[in-house]
Amino acid sequence: SLNKSIVSHIEQKSEDSSETQAITSFSERAENITEVSADGKISEIYHLLGTDHAGRDLLARILYGGRISLMIGLAATFVSLLIGVIVGAVSGYLGGKYDKIIMSGVDILYAIPFMFLVILLLSTFGRNLIMLFVALGCVQWLTMSRIVRSQVLSLKQKEYIDAAKICGAGFFTIIFRHLIPNAMGPIVIYTTLTVPAVILEESFLAFIGLQVQYEGKSLDSWGALVHQGSLSLGFNGENSWLLIFPCLAMGLMLLGLNSFGDGLRDALDPKLRNQS
C-alpha cells in the first residue's frame, strides 16, 4: 500500500450543510485513488506500460532495473578485466614453465561449472552487491587471460621490447607500459562483449531466486522483473505485459551491446576492415 499525504486546498462539502472546509492533509491507499480533483481540475496519471499488482508504474521499474543490471554488468566486467589482463600478461611474458603452470590452473578452473561456483559463493557469503561483483568477475576472467596471453606472446618478440630491456626497464614496466597498452584492441573488444554476458548471468541468478540485495533489501534488476512477471501472469496470461516488457527491455539492451561489440571489433581489426 502507498499512503500519500496531500497538502493542498481540497474542498469537501459537509453532508449536513452547504459550507465547505479546507483539508490540509489526506491519507488514502493508492489502489483506492482513481482520480484527483483540485481547484475544479481533474489530475490524471497515465502509465505507458501499465502497472504491476501493487500499482507501481512498470516503465519506472524497468528503467530502475536497467540501472541495476548495467551497474552489475560494468562492475563485474571491471573485476574480470583486472584479473584476466594481469594474469594473461604475466603468463605470456614469463613463458616456459611458469606459463604452463598458470595456464594449467586456468584450464582446471575452466572445467568447473562457473554458474554453480557463483551460486555457491552467493549462498555462502551472502547476496550483497560486492559479493555479486566478485563472484561474477572471478569466473569471467578466464577467457580474458587467454586473449591477453596470446597477444603478449607475439608482442614480447618485438624490437621495442628488446630495446626496453636494454634501457633497463623492469618487469612491471615492460608489462604495464609496453605490453598491455599495445594489446588494448582485443581487450576493449572482449570487454564490450563481456558486459551483456554478465547481465544475462545476473538475470539468470535473479530468476532462480538469488536476487541481489543491498542493506538487506532486494533490488529489482531485469532478471528479478522477469521472474516477478512470470509469477504474475495469471491463469490465462491476462497479466502478460508484466513479463513481455521486461523481457523486451533486456533483449534490446543485450542486442545493442553485442552489436556494439561486433562493430568495434570490425573497426579495430585491420583484417576485417580490409575485407569489407
Side-chain angles (χ1 to χ4, degrees), residues 1-4 28-35 44-77 113-123 126-129 131-133 135-137 139-140 192-262:
S1 65
L2 176 63
N3 293 326
K4 299 182 64 176
E28 182 56 88
R29 294 176 63 89
E31 60 266 25
N32 296 330
I33 299 176
T34 57
E35 65 180 28
E44 298 179 346
I45 298 177
Y46 297 95
H47 304 281
L48 187 61
L49 301 183
T51 60
D52 61 5
H53 62 280
R56 295 170 294 186
D57 185 80
L58 184 59
L59 178 59
R61 299 194 70 200
I62 289 176
L63 294 177
Y64 180 82
R67 186 173 64 177
I68 300 298
S69 295
L70 284 175
M71 179 184 64
I72 294 173
L74 292 174
T77 299
F114 68 90
M115 188 54 68
F116 292 113
L117 179 60
V118 173
I119 294 174
L120 179 63
L121 290 174
L122 293 179
S123 302
R127 291 180 286 160
N128 57 76
L129 277 174
M131 181 51 60
L132 185 63
F133 297 157
L136 291 176
V139 299
Q140 287 290 336
T192 60
L193 298 176
T194 303
V195 175
V198 173
I199 293 176
L200 191 60
E201 291 166 6
E202 185 278 329
S203 300
F204 171 75
L205 292 173
F207 188 81
I208 63 175
L210 292 175
Q211 194 171 349
V212 62
Q213 295 180 347
Y214 179 72
E215 295 182 350
K217 298 180 180 180
S218 298
L219 301 178
D220 290 335
S221 63
W222 278 333
L225 293 179
V226 171
H227 177 59
Q228 295 171 14
S230 64
L231 297 177
S232 304
L233 275 177
F235 293 104
N236 298 320
E238 58 269 15
N239 300 325
S240 58
W241 74 88
L242 296 176
L243 177 63
I244 293 175
F245 290 128
C247 289
L248 283 177
M250 184 170 63
L252 291 175
M253 177 59 69
L254 295 178
L255 178 62
L257 290 174
N258 280 296
S259 300
F260 175 73
D262 292 338

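Only heavy atoms go into these numbers, but all of them, side chains included; no hydrogens, no water, no symmetry mates. Bear in mind that the values here come from a model prediction, so they are computed numbers and not experimental data.
A76 approaches V198 most closely through the heavy-atom pair CB-CG1, 3.6 Å. Across P246 and I62, no two heavy atoms sit closer than the pair N-CD1, 3.9 Å. Closest of all the heavy-atom pairs between P196 and L254 is O-CD2, 3.3 Å.
Residues W222 and M253 are in side-chain contact: their nearest non-hydrogen atoms beyond the backbone lie under 4.5 Å apart. At a threshold of 4.5 Å between non-hydrogen side-chain atoms, the residues R61 and Q228 count as touching. Between I72 and I199 the shortest side-chain heavy-atom distance does not fall below 4.5 Å.
Between the CG atom of N258 and the CG atom of L200 there is a distance of 9.5 Å, given to the nearest 0.5 Å. Note that CG of L225 is 9.5 Å distant from OG of S203, once rounded to the nearest 0.5 Å. Rounded to the nearest 0.5 Å, atoms CD1 (I68) and CG (L63) are 12.0 Å apart. Atom CH2 of residue W241 and atom CG of residue L58 lie 9.0 Å apart, to the nearest 0.5 angstrom. Atom CG of residue L257 and atom OG1 of residue T194 lie 11.0 Å apart, to the nearest 0.5 angstrom.
Side chain to side chain, T77 and Q140 fail the donor-acceptor criterion of an N or O pair below 3.5 Å.
Between the side chain of S221 and the backbone N or O of S69, no donor-acceptor pair lies under 3.5 Å.
Under the side chain to side chain contact (heavy atoms under 4.5 Å, CB included) criterion, L231 pairs with H227, not counting sequence neighbours. Checked against salt bridge (Lys or Arg N to Asp or Glu O under 4.0 Å), R56 has the following partners two or more places apart in sequence or in another chain: D52.
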